[in-house]
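First up is the structure itself, then whatever we jot down about it.
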Amino acid sequence: MSERVIPLVDQRLTGRRATVPARHIAPTGLLGDALGRPLRDLRISVTDRCNFRCSYCMPKEVFDKDYPYLPHAALLSFEEITRVARQFVAHGVQKIRLTGGEPLLRKNIEILISQLAALRTMEGQPLDITLTTNGSLLARKARALRDAGLQRVTVSLDGLDDTVFRQMNDVDFPVAEVLRGIDAAREAGLGPIKVNMVVKRGTNDHEILPMARHFRGSGIVLRFIEYMDVGATNGWRMDEVLPSAQVVKRIAAELPLVQLEPSAPGETAERWGYAGADGAHDPNLGEIGVISSVTQAFCRDCNRARLSTEGKLYLCLFATEGWDLRSLVRGDLDDAGLAAAIAAIWQGRDDRYSELRSTLAPDTSGGARRVEMSYIGG
Ligand code: SAM
Ligand code: SF4
Ligand code: SF4
């Protein structure tokens, strides 16, 4: 069995005190950080629990029955989440992604979705609301999610081979049930659907082509994600990362691809379209995406903030500390004060971990202070 690194510090117990600046920064929808990056994308983790134990995220050895998950009272309520989200929207957020842990484990998540769906941008536009799920409960919940106002979903699926997939989720969950969830999402009108596959060299990289063949021409966008050094518990090693360039090469050798323009600024995925007989992109065959979080940093355009399950604001996936918004929300501060505190935090943001990764001194702590992805959401 591979060696595991156990976290030395519980980052949830630390946190930075968010303060309200003396001079309020009124929301204009145009807030920029210290590097001029706008605030467009808010990821909200609604639970730190999950029914899977993917070894790259919540290894069983650490996330066992004794793991101290957050107590219910520590979680932001739906009303608190919506109030915080409203301030983010006033500062320019256009897209909200619900995540976790497994977001569909949060009871009555549809109520939160309907509250978020009622929010409007400065220009009066509805938000782009989406959710990332492991798909295990999707067959049961797709219709209610759609009725509540969810527009689309991203489903994580790391392979089609049942043995490989059961091993990767480490709770013996079958592929067929996730595929059934994807079908249900499609039938409910949750689209366009994306499927995320984390590629671990030597574990599931032989599933790249079967996955590409399966989703080609289906209307579903398959995205390959480089295995990342997030958190402190997954025992990450660079030699288990398969660079996206190789993913593209392997697929293109069998199914010709042409590179496509990015769909939006700050888009993390590089897009490749399947080519038809004339060598040009055939929209009927669809496209894939590759997310090169390790081999090609995209910090320059990073416009996303992350709100943890208990209301801490993280400015980077690799942050070691978050800003405690919950104490502001549970105090007697009004919305203008809350918005001003958020603005001050974002204006000071200069995070760019992935760009600096190769120049940083080796982390001898095994990333022990780094926050877990299941806690802040992917
Ligand atoms: N439970 C949901 C799911 O799996 O879709 C949502 C939360 S999960 C943390 C969000 C995304 O992060 C998933 O697509 C997952 O595959 C990805 N992820 C988790 N750990 C990762 C790692 N070490 N490297 C790359 N992606 C990772
Ligand atoms: Fe759960 Fe998602 Fe993490 Fe897998 S990646 S353990 S499904 S939170
Ligand atoms: Fe954004 Fe941090 Fe990832 Fe860079 S490393 S893209 S700043 S989350």
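Counting convention: from 1, in listed order, for ligands and their atoms alike.
Assignment of Glu226 to the shell around ligand 1 is supported, since a heavy atom sits closer than 4.0 Å.
Atom numbering of ligand 1 starts at 1 in the shown order; those under 4.0 Å from a heavy atom of Asn134 are 2 (C), 3 (C), 5 (O). Counting the atoms of ligand 1 from 1 in the order shown, those under 4.0 Å from a heavy atom of Gly101 are 1 (N), 2 (C), 6 (C), 7 (C). With ligand atoms numbered from 1 in the order given, ligand 1 contributes 22 (C), 23 (N) to contacts under 4.0 Å with heavy atoms of Val230. Atom numbering of ligand 1 starts at 1 in the shown order; those under 4.0 Å from a heavy atom of Tyr227 are 23 (N), 24 (N). Within ligand 1, counting atoms from 1 as listed, the ones closer than 4.0 Å to a heavy atom of Thr99 are 6 (C), 7 (C). Interface atoms of ligand 1 facing Glu102, defined by a heavy-atom separation under 4.0 Å, are 1 (N), 2 (C). Close approach of ligand 1 to Gly100 (heavy-atom distance below 4.0 Å) involves ligand atoms 7 (C), 9 (C). Listed by number with element, the atoms of ligand 1 under 4.0 Å from a non-hydrogen atom of Asn196 are 14 (O). Taking every heavy atom of Phe318 and a limit of under 4.0 angstrom, the matching atoms of ligand 3 come to 5 (S).
Around atom 4 (Fe) of ligand 2, the protein atoms of type N, O or S that sit closer than 2.8 Å are Cys54 SG. Within the protein, the N, O or S atoms lying under 2.8 Å from atom 1 (Fe) of ligand 3 are Cys302 SG.
Shown here is Arg330, whose CZ atom has more than 12 heavy atoms of other residues, nucleotides or ligands within 6.0 Å. By the neighbour-count criterion of 12 heavy atoms within 6.0 Å, atom CG of Asp66 is densely surrounded, having more than that number from other residues, nucleotides or ligands. Residue Arg201 places its CZ atom among more than 12 non-hydrogen atoms of other residues, nucleotides or ligands, all under 6.0 Å distant. More than 12 heavy atoms of other residues, nucleotides or ligands sit less than 6.0 Å from atom CZ of Arg213.
The cationic atom of Arg216 (NZ for Lys, CZ for Arg) lies less than 6.0 Å from the six-membered ring centre of Tyr274 and within 45° of the ring axis.
The distance from atom NE2 of His91 to atom CG of Leu39, rounded to the nearest 0.5 Å, is 7.5 Å.
For the pair Leu76/Leu307, a side-chain contact is recorded, criterion being any heavy-atom separation below 4.5 Å from C-beta on. Under the 4.5 Å side-chain criterion, counting only non-hydrogen atoms from C-beta, Phe173 is in contact with Val178. Using a 4.5 Å heavy-atom threshold, the side chains of Asp48 and Glu310 count as separate.
In this structure, Arg250 pairs ionically with Asp205, as a charged nitrogen and a carboxylate oxygen lie closer than 4.0 Å.
Contacts between Thr133 and ligand 1 below 4.0 angstrom, taking non-hydrogen atoms only, involve the backbone exclusively. Here Thr132 has heavy atoms under 4.0 Å from ligand 1 in both its backbone and its side chain.
The distance criterion of under 3.5 Å between nitrogen or oxygen atoms is not met by Ile225 with respect to ligand 1.
Listed by first and then second residue, the side chain to side chain donor-acceptor pair (under 3.5 Å) pairs involving residues 21-35 are Asp33-Arg37, Asp33-Arg349 (not counting sequence neighbours). Sorted by first and then second residue, the pairs that involve residues 155-165 and meet side chain to side chain donor-acceptor pair (under 3.5 Å), not counting sequence neighbours, are Tyr56-Asp158, Asp162-Arg166.
Between Phe63 and Tyr69, the two ring planes are tilted [angle within 30° to 60°].
Partner Ser244 forms a side chain to side chain donor-acceptor pair (under 3.5 Å) with one of Gln296, Glu270, Lys249, Glu226 and no other, that one being Glu226.
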_Trace of the salt bridge (Lys or Arg N to Asp or Glu O under 4.0 Å) decision for Arg180 with Glu177_ = CA-CA 5 Å; Arg180 215 163 67 80; Glu177 195 52 28; 3.0 Å; yes
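Between Thr154 and Thr132, the side chains place no donor N or O within less than 3.5 Å of an acceptor N or O (distance only, hydrogens not considered).
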